[in-house]
Amino acid sequence: MTAFVGLTAIAGGIGMVTSSGMSPTAPPPSWADASSLSVAFVPGLLLSIVVGGAQFVAFVAAVTSARRGAWATVSAALTLLAWCLVQAALIGGDLRQALYVVFGLVELGIAGAAFRPSVQRAGH
């Protein structure tokens, strides 16, 4: 799940950056209101680097160590949930937003299960 969420966060962030008018492949600012387009550049970077990066770090950590993976997944899920909360507060939420909140909550649940004593003993 962390790999999927990371991939979609990076893709979404790249989409935001390239539509911001700050990319050589973006349409010219004259095609739309330049002020609304340029606002997407920094959030696009944050979505790709912070949210997507945290998800991929969690994925790699989970592959290498159950305990580190659990901690990294908690961190990545909280980052994702914070992103969704801030985005919903600033621009409103939609069905896609709700889906990613569910993904974040599922990640927390899965990671939380790794902290149960029976799982910890088996993961050593």
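Note that the structure is predicted; figures quoted are calculated from it, not measured. Note: hydrogens, waters and symmetry copies are ignored here, and every other heavy atom, side chains too, is used. Each residue takes its place number in the sequence, starting with 1.
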**Study point:** Set of residues satisfying side chain to side chain contact (heavy atoms under 4.5 Å, CB included) with respect to Val102, sequence neighbours excluded
**Key:** Val106
**Study point:** Test item: Val101 and Leu85 side chains (from C-beta on) under 4.5 Å apart, heavy atoms
**Key:** no
Exercise for review: Check whether any side-chain N or O of Ser65 sits under 3.5 Å from a backbone N or O of Ala61 as a donor-acceptor pair, and report yes or no.
Suggested key: no
Practice item. Linking directly or through intermediates, with side-chain heavy atoms under 4.5 Å: list the remaining ILVMFWY members grouped with Ile91, chain and number order. Key: Val86, Leu90
Check your understanding: Quick one: ring pair (Phe, Tyr, Trp, His ring centres under 6.0 Å) pairs with a partner in residues 64-100, sequence neighbours left out?
Key -> Trp71-Phe115, Tyr100-Phe103
Check your understanding: Looking only at heavy atoms, what is the nearest atom pair of Ala58 and Ala76, with distance?
Key -> CB-CB, 3.9 Å
Review point. Salt bridge (Lys or Arg N to Asp or Glu O under 4.0 Å): which pairs involve residues 74-89, sequence neighbours left out?
Key: none
Study note, to complete from the structure: Quick note, salt bridge (Lys or Arg N to Asp or Glu O under 4.0 Å) partners involving residues 80-94, not counting sequence neighbours, are Asp94-Arg96
Revision key, fill the gap. Rounding to 0.5 Å, atoms OG1 (Thr2) and CG (Leu80) come to a distance of 11.0 Å
Point to revise | Whether Gln97 side chain and Cys84 backbone form a donor-acceptor pair below 3.5 Å | key: yes
Exercise for review: Report, as yes or no, whether the 6.0 Å neighbourhood of atom CZ on Phe56 holds more than 12 heavy atoms from other residues, nucleotides or ligands.
Suggested key: yes
Point to revise | Atom of Met16, atom of Pro43 and distance for their closest heavy-atom approach | key: CE-CB, 3.5 Å
Less than 3.5 Å apart, which donor and acceptor atoms pair up between the side chains of residues 45-53 and the rest of the protein, not counting sequence neighbours?
{"unit_1": "Ser48", "atom_1": "OG", "unit_2": "Ile10", "atom_2": "O", "d": "3.1"}
{"unit_1": "Ser48", "atom_1": "OG", "unit_2": "Ile14", "atom_2": "N", "d": "3.3"}
{"unit_1": "Ser48", "atom_1": "OG", "unit_2": "Gly44", "atom_2": "O", "d": "3.3"}

